[in-house]
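So the structure is just underneath, and the comments pick up after that.
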Amino acid sequence: MLISHINPDGDAIGSQLALYHYLVASGRNVTMISPNNLQEFLKWMEGSDLIHVFIRQRDKCKSLIEKAGLIVMLDFNQPDRLGEMERLITDSKTTKIIIDHHLNPKGFADIEISDPSFSSTAELVHEFITGINRSPFYSKPYCEALYVGIVTDTGNFEYGPYTSRTLRIVAELLDQGIEKDRILNLVYNNFSENRLRLQGFALNERMVVLPEYQTAYIWLTKADLIAYRYVKGDTEGFVNLPLSIKGIVFSAFFVEKDGFVKLSFRSTGKFPSNEFASEYFSGGGHTNASGGEFRDSLENSISYFLKVLKENFSRLNGNK
Ligand code: 5GP
Ligand code: MN
């Protein structure tokens with residue numbers, strides 16, 4: 001059984017499907033679960049319709065988990081990323097493997113294949129498969145899944161720890177004949193008019209720049225989302241936008257939810273956004289991309305953010 005994380009991104013689904021296509025081609029019996037729904041931009045991927053969504057099919061998923069002989073979790077290393085499935089998986093006696101590229105694994109699996117030097121879990125899955133298969137494996141759906149994982153986790157090669165190894169793998173995928181333009185279109189040019197207008201609104205009306213702290217943040221209320229007919233995934237990437245302002249090294253994005261506020265953080269260079277997230281917002285992630293949450297109103301979350309930012313910016317930014 002292959003499991004991706006809650007709110008699965010392109011790398012979670014890309015690595016899950018890549019491993020799926022390899023294992024099925026090797027004659028294995030494989031099932032897949034995602035804790036919650038996939039976003040539209042991933043639903044074209046071959047095999048994505050075979051991923052059971054836990055919150056939609058709880059009983060079916062529970063029985064699949066009970067029957068699994070081996071559980072592989074992809075693109076996360078903390079049990080709370082399993083959402084509602086957390087207890088079910090952590091209590092399960094079945095052997096569990098994690099394949100992941102985030103820092104500080106929580107040690108809740110029997111085997112951890114964990115390396116933050118990889119651009120993406122998809123790249124790590126490919127290296128792993130190349131190892132166990134004693135040569136690279138390629139099939140069309142496998143190559144597409146790998147490409148989606150690598151492209152989305154590097155922002156189409158704009159950020160993240162991608163290396164010459166990553167680009168060599170991508171070169172191989174191109175040699176295998178993947179249709180990169182079609183895939184990039186499906187991943188990036190698949191948004192609604194409302195989403196683009198919400199982005200304009202967020203930048204115009206809801207972005208605050210704090211030059212003295214080399215920081216900018218954007219906030220959106222529940223009412224804002226309703227006004228722009230928000231659908232899941234519409235705010236993906238907004239948090240990156242303030243980093244394009246000269247001198248800004250840290251960006252935060254606040255979204256009001258029921259009873260809490262979800263935060264995303266991005267940084268450039270050495271600023272450890274994940275330390276900020278884990279110290280103050282019960283979260284974590286990578287140095288340059290992390291997230292967390294705050295169980296209070298949007299207004300109080302922003303005040304708290306400003307307070308801890310002002311107290312800790314120099315220390316964190318000086319940690320070079
Ligand atoms: P995003 O801002 O795209 O939702 O998340 C970026 C990265 O931050 C994710 O890949 C994940 O590593 C991390 N992250 C986001 N939210 C949370 C959270 O609530 N808890 C933890 N531990 N990590 C998070
Ligand atoms: Mn990833």
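Keep in mind that this is a model prediction, so the values were computed, not measured. Count residues from 1 along the sequence. Values reported hereafter were calculated over all heavy atoms of this structure, with side chains retained and with hydrogens, waters and symmetry mates removed. Start at 1 and go down the list; that is how both ligands and their atoms are numbered.
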> Short list, please: which atoms of ligand 1 are under 4.0 Å from a heavy atom of His102?
Replying inline: 10 (O), 12 (O)
>> Under a 3.5 Å threshold, yes or no: a donor from one side chain and an acceptor from the other, between Asn185 and Asn190?
In response: no
> Charged N to carboxylate O below 4.0 Å: is that the case for Arg182 and Glu144?
Replying inline: yes
> So, is Asp9 polar-close to ligand 1, with some N/O to N/O distance under 3.5 Å?
Replying inline: no
> For Ser264, is at least one N or O under 3.5 Å away from an N or O on ligand 1?
Replying inline: yes
> In degrees, rounded to 10 degrees, what angle do Asp153 atom OD2 and Asp11 atom OD2 make at the Mn ion (ligand 2)?
Replying inline: 80°
> Got a sec: does the CZ of Arg229 have more than 12 other heavy atoms crowding it under 6.0 Å?
Replying inline: no
> Should you measure from each heavy atom of Gly285, which atoms of ligand 1 turn up under 4.0 Å away?
Replying inline: 12 (O), 13 (C)
> Aromatic rings Phe250 and Phe305: how do their planes relate, parallel, tilted or perpendicular, breaks at 30° and 60°?
Replying inline: tilted
>> Is the contact between Glu236 and ligand 1 made by the side chain, the backbone, both, or neither, using heavy atoms and a 4.0 Å cut-off?
In response: neither
>> With nothing but distance in play, are any N or O atoms of Val239 less than 3.5 Å from an N or O of ligand 1?
In response: no
> Does a sphere of radius 6.0 Å around CD in Glu158 hold more than 12 heavy atoms from other residues, nucleotides or ligands, not counting ones at 6.0 Å or beyond?
Replying inline: no
> Just heavy atoms, cut-off under 4.0 Å: does Glu293 contact ligand 1 by side chain, backbone, both, or neither?
Replying inline: neither
>> What I want to find out is whether Lys140 reaches Glu46 closely enough, with some N-O distance under 4.0 Å, to be called a salt bridge.
In response: no
